[in-house]
Amino acid sequence: DEAIEAYSKAILIKPNLTEAYNNKGIILQIQSRLGESIETYNRVLSIKPEYAEAHNNMGNALKEQGKLDEAIEAYKKALAIKPSNSETHNNIGLALREYGKLDEAIEAYKKALSIRPEYADAYYNMGNALKEQGKLEEAIWAYNKVLSIKPEYAKAHNNMANALKDVVFKIPYPDLHIRIEAILNQNLYVNPMHIAGAAVSLLKLEPNFQKQLRLIHVDETKKNPLELIEYLNKLPLLLKLMSVCPIPDLELENLFKEIRASLLLSSSSLKTSPELLKFQSALALQCFTNEYIYVQSKDEEKKIDVLEKTVKRAFRKNIQPDPAVLLILASYKELNKYEWCNLLTVNDKIRDVFTRQVEEPRQEEKLKSELPSLQGITNKISVKVRKQYEESPYPRWINLGLQLEPAPISRFIDEIKLKLFDDEISYVETPNILIAGCGTGQHSLTSAGRFRNSKVLAVDLSLSSLAYAKRKTQELSIKNIEYMQADILDLSKLDRQFDIIESVGVLHHMDDPLSGWRVLTDCLKKGGLMKIGLYSEIARQHIVKMREEISQLGIGSKNKDMKLFRMRIIKSYESHHRQILKSPDFYSLSTVRDLLFHVKEHRFTIPQIKDYLEKLGLKFCGFEKKQLIEHFRRINSHKNDLYNLEKWQTYEEKNPRAFAGMYQFWCQKIN
């Protein structure tokens, strides 16, 4: 306001002072007083029509108003006066991209870069346009250029991470290793599991990698894996990935399993070294994160008993065990499960593993006693489901991607193109959000970071899951989430209503999903938004077959039973077995349990969902997954097709894997 007043005084003294008008226009635009801003630019240009910067700024204000044609014309006038202005080429690219003219936008960015080769913003914007076109490797290249110029460019890190989710590399990009490792080190840009496939495909293109994968089957390598470990230690991206998520690749799984066995069986002759301990630490973290999903031989079981006795003898003599031995044992069972765990002296050699396997579980145990409970869990199926997740919190995760800047509800609605039936929700500035079935906290943290000024209540049946979620929330210094143990069926006792309710992957595990959904609807304010995630009957036919096999074979859900059935799938050539190998949920024990051994599972069709929405007084607002929507729109081009469930039903029948994860959609309460 003071700046505007100063420019206004300058103009009073010197009415033709074009720079003062231009600067005043910029300030008005910052204040979102776009009409006044444009009026000011018009005044400048009436005095000085060849003022290129004012034309450019006028374009920015018009673009912000959504007047794209007029904005592009303003930019063209600026370029006619000053064709070498890289910023204006970049701005016209932004307007063209918003218009949907992606090829023209990319050409504009290229012109900007031909004038100013180190223009990070132009590379970033080009990456966004290429990503929208589905040219993901080219988009990644553009983001990589941004980061070579500006290594701390957070949005480029974030968007590169998003592009990596759907890429399998066919040719090597050595410099990307460092970039992906940097993304993983940042902790907040991406869930490592989402880019593990891309990272693994890149690693496998490394010279000698395939040779090393084959060598593990050679007896000499099995007996002495140190040369192989020396090679793997030269791949810091691999070690980082091993430390932060289950690696969804059977070749690497077999490699790690064989190395683990070799280290165990040759432990008496191992020479401890910093290089060995470095790899062992990553391996122990990998095994802990995938919940010890690898099967073990009888020879391994015997040797583990021998090693455990060796460690006990060392403690009786008041001697700390060899860290290499400790890390071998930590790759077979978490350290906090060993009775001598409290006798360990922690040093840098075992610190990372001790933190993950001992300190964090202890912290979770403490947090369990502090968590509030709405009331006792009484529903029979809820009791069984709770028991499953108390034993096996789902999923175990290390990092996840959070939105860089929380957005108002209105911007979120625009970004994912939801169709509203009541606009009031767009103007809610401090939304109250319920996450019904928050698991280990990924969902609650994502939503708390997505909506600006939000207050989140996250509930779950399992105290183990809630304690994990609470620990991660504290670790990330997130302050706007409250956790509570509760059954969805009892939520009416809260006597609270919410602006937004999200329940993904939960209702289909209830005894009566419609009853649970009705309780959630009663807790939603009129005009409020609800996000629901449900299993698809069509997409899960391969899972149905495997659940039938498990039932027919009488396979239990103990860890050993699940591991053996999993090995049966790995060795099988049946098409429905091969299909599940592509699922990231196949690569950790709790996710396998959830995928194949859950105590209760319902599946849905789109006509069923439509029927439930009508019964509950809810209106379908749209699906959320961007890539799915983009593919759907290539076939269904009318703007209202996105909200037509009959069209989506036809689409799913033709694309039966479209909802392989689950249906995730938004709906609105209309009465």
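Since we're looking at a predicted model, the values are computed, not measured.
Both tests do not hold together for K615 against Y612: distance to the six-membered ring centre under 6.0 Å, angle to the ring axis within 45°.
Under the 3.5 Å distance criterion, with hydrogens and angles disregarded, a donor-acceptor pair is assigned to the side chains of N185 and K240. A donor atom on one side chain and an acceptor atom on the other are not found under 3.5 Å apart for N191 and N399. Neither side chain, Y468 nor S462, offers a donor N or O lying under 3.5 Å from an acceptor on the other. There is no side-chain donor-acceptor pair under 3.5 Å between N56 and N85. Between the side chains of K165 and N162, at least one donor N or O sits under 3.5 Å from an acceptor N or O. For the 3.5 Å distance criterion, the side chains of D121 and N90 fail to qualify, holding no donor opposite an acceptor. Neither side chain, E364 nor S464, offers a donor N or O lying under 3.5 Å from an acceptor on the other. For the residue pair D69 and Y99, a side-chain donor N or O sits within less than 3.5 Å of a side-chain acceptor on the partner. Side chains of H157 and Q186: no donor on one and acceptor on the other come within 3.5 Å. No side-chain donor from either of S590 and Y389 sits under 3.5 Å from a side-chain acceptor of the other. Using modelled atom types, one finds no donor on one side chain facing an acceptor on the other under 3.5 Å when comparing N144 with Y123. Judged purely by distance below 3.5 Å, without hydrogens or angles, the side chains of D522 and Q497 never pair a donor atom with an acceptor atom. Side-chain polar atoms of T591 and S588 form a donor-acceptor pair below 3.5 angstrom. Residues K67 and Q65 have side chains that bring a donor and an acceptor to within less than 3.5 angstrom of each other.
When the shell of 6.0 Å around CD of E39 is examined, it contains 12 or fewer heavy atoms from other residues, nucleotides or ligands. No more than 12 heavy atoms of other residues, nucleotides or ligands lie within 6.0 Å of NZ in K455, so this atom counts as exposed by the packing criterion. Around atom CG of N640, more than 12 heavy atoms belonging to other residues, nucleotides or ligands sit under 6.0 Å away.
Counting heavy atoms from C-beta outward, Y483 and C438 have side chains that approach closer than 4.5 Å. Proximity of L202 to H177: side-chain heavy atoms (C-beta onward) are separated by under 4.5 Å at one or more points. With a 4.5 Å cut-off on side-chain heavy atoms, E64 and Q29 count as touching. Counting heavy atoms from C-beta on, the side chains of N644 and Q649 never come closer than 4.5 Å.
Ring centroid separation for the pair H89 and Y119 does not come in under the 6.0 Å cut-off. Aromatic rings of Y41 and H55 (six-membered ring for Trp) have centroids beyond the 6.0 Å cut-off, not under it.
For the pair K610 and E646, the salt-bridge criterion is met [side-chain N within less than 4.0 Å of a carboxylate O]. A salt bridge does not link K626 with E630: none of the charged nitrogens is closer than 4.0 Å to a carboxylate oxygen. A salt bridge links R450 with E624: the distance from a Lys NZ or Arg NE/NH1/NH2 to an Asp or Glu carboxylate oxygen falls below 4.0 Å.
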Review item, side-chain donor-acceptor pairs of residues 400-425, under 3.5 Å, at least two apart:
| unit_1 | atom_1 | unit_2 | atom_2 | d |
| --- | --- | --- | --- | --- |
| Q403 | NE2 | E405 | O | 3.2 |
| D422 | OD1 | E424 | N | 3.0 |

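The two residues W648 and L642 come nearest to each other via the heavy atoms NE1-O, 2.8 Å. Taking every heavy atom of both residues into account, F498 and L524 meet most closely at O-CD1, 3.4 Å. Counting all heavy atoms, side chain and backbone alike, D499 lies closest to P431 at OD2-CA, 3.4 Å. Here the closest non-hydrogen pair linking N91 and N60 is ND2-OD1, 3.3 Å. The two residues Y394 and D585 make their nearest non-hydrogen contact at OH-OD2, 4.0 Å. Here the shortest heavy-atom pairing between F659 and S536 reads O-CB, 3.9 Å.
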Might you work through the salt bridge (charged side-chain N to carboxylate O under 4.0 Å, His left out) test for E107 and K111, ending with a clear yes or no?
-> CA-CA 6 Å; E107 284 306 310; K111 284 177 185 173; over 6 Å; no

Kindly indicate, with the supporting measurements, whether the criterion side chain to side chain contact (heavy atoms under 4.5 Å, CB included) is fulfilled by Q664 and V504.
-> CA-CA 7 Å; Q664 291 196 45; V504 175; 3.9 Å; yes

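For the side chain to side chain contact (heavy atoms under 4.5 Å, CB included) criterion with K24, the lone passing option out of I27, I26, L28 is L28. For the ring-ring contact (aromatic ring centres under 6.0 Å, His included) with H508, the lone residue among F604, W517, Y663, Y535 that qualifies is Y535.
Checked by atom type and distance alone, the side chain of Q668 never pairs as donor or acceptor with a backbone atom of G528 at under 3.5 Å.
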